[in-house]
Amino acid sequence: MSAPATDERLIAARADFPILATDVRPGVPLVYLDNAATTQKPASVMAAMDDYYEHLNSNVHRGVHTFSEKATAAYEGARRKVRDFIHAASSHEIVFVRNATEAINLVAHAWGRANLKPGDEILVSEMEHHANIVPWQLVAAYTGAVVKPVAITEQGRIDQDAYARALESGRVKLAAIAHVSNVLGTINPVADMARKAHDAGALVMVDAAQSIPHMPLDVQALGADFAAFSAHKMVGPTGIGVLYGKRALLDAMPPFLGGGSMIDTVSFEKTTFAAVPARFEAGTPAIAEAVGLAAAIDYLRGVGMETIHVHERALIGYAMEGLSTIPGLRMIGPPPGERAGLVAFALDSVHPHDLAQGLDAAGIAVRAGHHCAMPLHTRYGLGATVRASFYLYNTFEEADRLVETVEKTRAFFAR
Ligand code: C6P
């Protein structure tokens with residue numbers, strides 16, 4: 001099969017990412033297929049952060065001096081940019097945190113401790129990342145609530161009948177669901193699932209870590225009460241992520257962390273707290289990273305989220321077709337039309353770590369292991385898989401290199 005032509009705009013976009021021109025070792029160019037772990041950064045994001053440090057570095061929300069006011073304007077401008085990108089109703093609904101993991105922990109601890117009681121249920125699916133399981137287990141241990149896993153089907157979809165049955169208990173207070181699975185690639189029908197949860201009186205936390213970087217997303221259309229994501233998976237920097245929460249829910253939540261910036265008044269008799277989102281942003285925040293996130297959003301908008309989604313769908317279909325020709329290779333998850341641009345697979349004859357090393361020798365970066373989704377791997381009777389995850393700058397030729405090298409590695413181990 002010959003590779004389809006890659007969209008010219010996306011070929012041009014490759015030049016925006018300096019690291020993509022770097023050899024892994026002399027003469028071995030990088031084929032970066034570990035985008036679900038973290039994405040590469042365009043020069044514009046790095047320049048925005050450098051510019052911040054070179055020209056306006058100061059702490060935010062504190063000083064009355066000019067630079068502090070400029071830094072505050074940049075930081076709050078980033079918040080508005082996130083609001084618009086995810087179609088939130090207000091920038092009060094955007095809380096800056098360290099990453100998706102911290103966003104989910106914030107809800108589990110601030111909302112969960114205040115609202116859960118013994119016997120209450122939190123639904124998660126079997127395909128969740130540990131970040132959308134463990135925080136709920138921690139708060140369940142604290143409150144006496146119960147974490148209930150909803151089964152997935154062999155094809156890697158959340159079993160919708162099981163989900164509907166679980167909601168019938170009348171005890172479900174929150175459903176925590178990945179919009180896109182980081183292992184199966186499945187795009188879950190979150191809007192429909194949120195409607196069902198709301199009808200049953202439950203809230204919905206959407207783990208959007210693997211969807212926001214790859215497709216247009218509207219938190220209001222999805223019906224998300226809360227949503228979590230990380231900048232580093234959407235061409236932005238590490239160290240900053242976002243919790244989206246409906247204003248009324250955030251307003252009613254007690255703080256998670258205490259310290260500077262999150263208070264209104266402090267005395268030894270009584271401390272009162274700031275309005276949201278400041279209430280949840282104790283201490284000096286990641287200011288340069290917020291500037292970087294704003295530049296990342298500008299970059300993604302410039303390319304076009306729909307363009308990215310269409311490109312990745314074509315790429316994953318092409319890659320999966322190629323992988324399906326390799327003897328003894330098992331892919332898990334739904335068909336390409338129902339998934340984002342990633343695929344996890346295992347060979348019956350080669351350990352995933354050996355396969356990943358074989359790929360690395362050819363300059364191809366993939367992830368091998370359980371991808372922080374152990375219950376999912378247990379569900380499929382697999383200890384580990386290799387995962388190839390694509391992004392806007394990957395090409396069909398790179399998908400060819402992946403398939404050829406997996407086959408070569410398989411043949412090598414079969415000798
Ligand atoms: N998944 C992966 O290789 P953090 O680490 O907080 O930025 O993101 C956590 C997270 C939450 N939900 C989903 C669905 C995720 O995929 C991730 C991160 C990476 O799959 C690193 S483990």
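Whatever order the structure lists them in is the order used to number ligands and atoms, beginning at 1. In what follows, every heavy atom counts, from backbone to side chain, and hydrogens, waters and symmetry copies are set aside. These numbers come from a predicted model, not from an experiment. Throughout, residue positions are numbered sequentially from 1 according to the sequence presented.
Within 4.0 Å of ligand 1, protein heavy atoms come from Ala36, Ala37, Asn99, Ala100, Thr101, His129, Ala131, Asn182, Asp207, Ala209, Gln210, Ser230, His232, Lys233, Arg367, Cys372, Arg387.
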Exercise. Before giving the answer on side chain to side chain contact (heavy atoms under 4.5 Å, CB included), spell out for Ser91 and Arg83 the whole-Å C-alpha distance, their side-chain angles and the decisive distance to 0.1 Å.
Key: CA-CA 6 Å; Ser91 34; Arg83 172 199 67 196; 3.7 Å; yes
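For the pair Arg301 and Phe85, the cation does not sit on the ring face, since its NZ or CZ is not both under 6.0 Å from the ring centre and inside 45° of the axis.
Between Asn35 and Tyr393, the side chains place a donor N or O and an acceptor N or O closer than 3.5 Å (distance only, hydrogens not considered). For the residue pair Thr72 and Arg62, no side-chain donor N or O sits within less than 3.5 Å of a side-chain acceptor on the partner.
To the nearest 0.5 Å, atom CZ of residue Arg279 and atom CD1 of residue Ile263 are 12.5 Å apart.
The side chain to side chain donor-acceptor pair (under 3.5 Å) check on Thr271 picks up nothing, with sequence neighbours excluded.
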